Amino acid sequence: MFRLVDHTADLAIEATGATRDEALAEAALGLTAVLTGREDVHRLGRPEREVRFVIETPDLDALVVAFLAELLWLHESEDILWLGGGVRVEEGAGGMLRAVAAGNGVVHDAARHGRGVEVKAVTYHGLQFKPEGPGWKLWVLLDI
């Protein structure tokens, strides 16, 4: 589950999941909601293409920022919206963390999908990604 949180002149995504993988996947859907202005991202249409990528970083905070920034780059460079799929966080060589994403995407059509707000960047400001209760909670601030 994710929710969008107004934050002064910015916007935050708060995502939760039973695992850190699920929380990160929910944050990705939150980013799609921001870009389209629609929180019902599963109703944006049928997937048109497969989206796959791998991100490696030295820590969990950097992984969150790099993962969401990659989705933002896909939107800006190829007009691709993430519709969901699998995200797996693994331990890599030398203590690195790796996010392996394999999901569905659709080419953004503003008339069909809506146009939300422009996201300039994913930030580290106030970033939290930690176990909470029976699952994981992620809070990340977007510069809009």
Side-chain angles (χ1 to χ4, degrees), residues 1-109 113 115-144:
M1 177 173 70
F2 71 86
R3 71 183 186 104
L4 305 179
V5 181
D6 286 326
H7 184 273
T8 43
D10 295 318
L11 187 64
I13 299 170
E14 182 180 270
T16 58
T19 65
R20 66 183 178 180
D21 296 357
E22 287 179 18
L24 190 58
E26 287 295 321
L29 292 175
L31 179 61
T32 299
V34 171
L35 295 170
T36 61
R38 295 180 51 185
E39 291 191 30
D40 59 342
V41 296
H42 291 297
R43 296 181 185 209
L44 291 177
R46 297 185 57 160
E48 296 172 350
R49 70 189 277 194
E50 189 175 28
V51 178
R52 291 183 174 271
F53 60 91
V54 176
I55 299 293
E56 285 193 349
T57 63
D59 60 54
L60 200 51
D61 287 354
L63 189 78
V64 170
V65 172
F67 174 74
L68 294 175
E70 180 71 13
L71 291 175
L72 182 57
W73 179 85
L74 282 170
H75 180 258
E76 291 174 351
S77 65
E78 300 179 34
D79 284 332
I80 300 298
L81 293 170
W82 175 264
L83 296 180
V87 180
R88 190 175 69 249
V89 178
E90 337 175 306
E91 304 293 327
M96 298 289 280
L97 288 177
R98 177 183 307 123
V100 179
N104 297 309
V106 64
V107 176
H108 188 190
D109 176 352
H113 303 125
R115 172 118 10 235
V117 296
E118 180 184 347
V119 177
K120 297 177 197 169
V122 181
T123 75
Y124 285 91
H125 183 76
L127 179 67
Q128 294 181 10
F129 195 17
K130 61 186 179 186
E132 186 173 285
W136 281 74
K137 181 178 179 179
L138 169 60
W139 192 94
V140 61
L141 189 65
L142 305 174
D143 181 12
I144 59 172

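Please read these numbers as outputs of a predicted model, since none were measured by experiment.
Note that the CG atom of Leu81 and the OG1 atom of Thr32 stand 5.5 Å from one another [nearest 0.5 Å]. Interatomic distance, CG of Leu31 versus CG of Leu11, reported as 10.0 Å (0.5 Å rounding). Atom NZ of Lys137 sits about 10.0 Å away from atom CE of Met1, to the nearest 0.5 Å. To the nearest 0.5 Å, the span separating OG1 on Thr16 from CG on Leu138 amounts to 9.5 Å. Distance check: Ile55 CD1 to Phe53 CZ gives 5.5 Å after rounding to the nearest 0.5 Å. Atom CG of Leu141 and atom CG of Asp10 lie 4.5 Å apart (nearest 0.5 Å).
In this structure, Arg98 and Ala93 approach most closely via the heavy-atom pair NH2-N, 4.4 Å. Nearest heavy atom pair, residue Thr57 against residue Ala66, reads CG2-CB, 3.9 Å. Residues Phe67 and Ala28 share a closest heavy-atom pair of CE2-CB, 3.8 Å. When all heavy atoms of Ala15 and Ala23 are compared, the closest pair comes out as CB-O, 3.4 Å. Looking at every heavy atom in both residues, Val51 comes nearest to Asn104 through CG2-C, 4.2 Å.
Using modelled atom types, no side-chain atom of Asp21 and backbone atom of Arg88 make a donor-acceptor pair closer than 3.5 Å.
A 4.5 Å side-chain heavy-atom check between Val65 and Thr123 finds every atom pair outside the cut-off. Contact check for Leu4 versus Ile13: side-chain heavy atoms found under the 4.5 Å cut-off. With a 4.5 Å cut-off on side-chain heavy atoms, Leu142 and Val122 count as touching. Between Asp143 and Val119 the shortest side-chain heavy-atom distance does not fall below 4.5 Å.
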(Q) Would Ile144 and Lys120 count as a side chain to side chain contact (heavy atoms under 4.5 Å, CB included) here? Give the steps. (A) CA-CA 5 Å; Ile144 59 172; Lys120 297 177 197 169; over 6 Å; no

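Within a 6.0 Å sphere centred on CD of Glu48, heavy atoms belonging to other residues, nucleotides or ligands number more than 12. A 6.0 Å sphere centred on CE of Met96 holds more than 12 heavy atoms belonging to other residues, nucleotides or ligands.
The ring pair (Phe, Tyr, Trp, His ring centres under 6.0 Å) analysis of residues 79-109, with sequence neighbours excluded, yields the pairs His75-His108, His108-His113.
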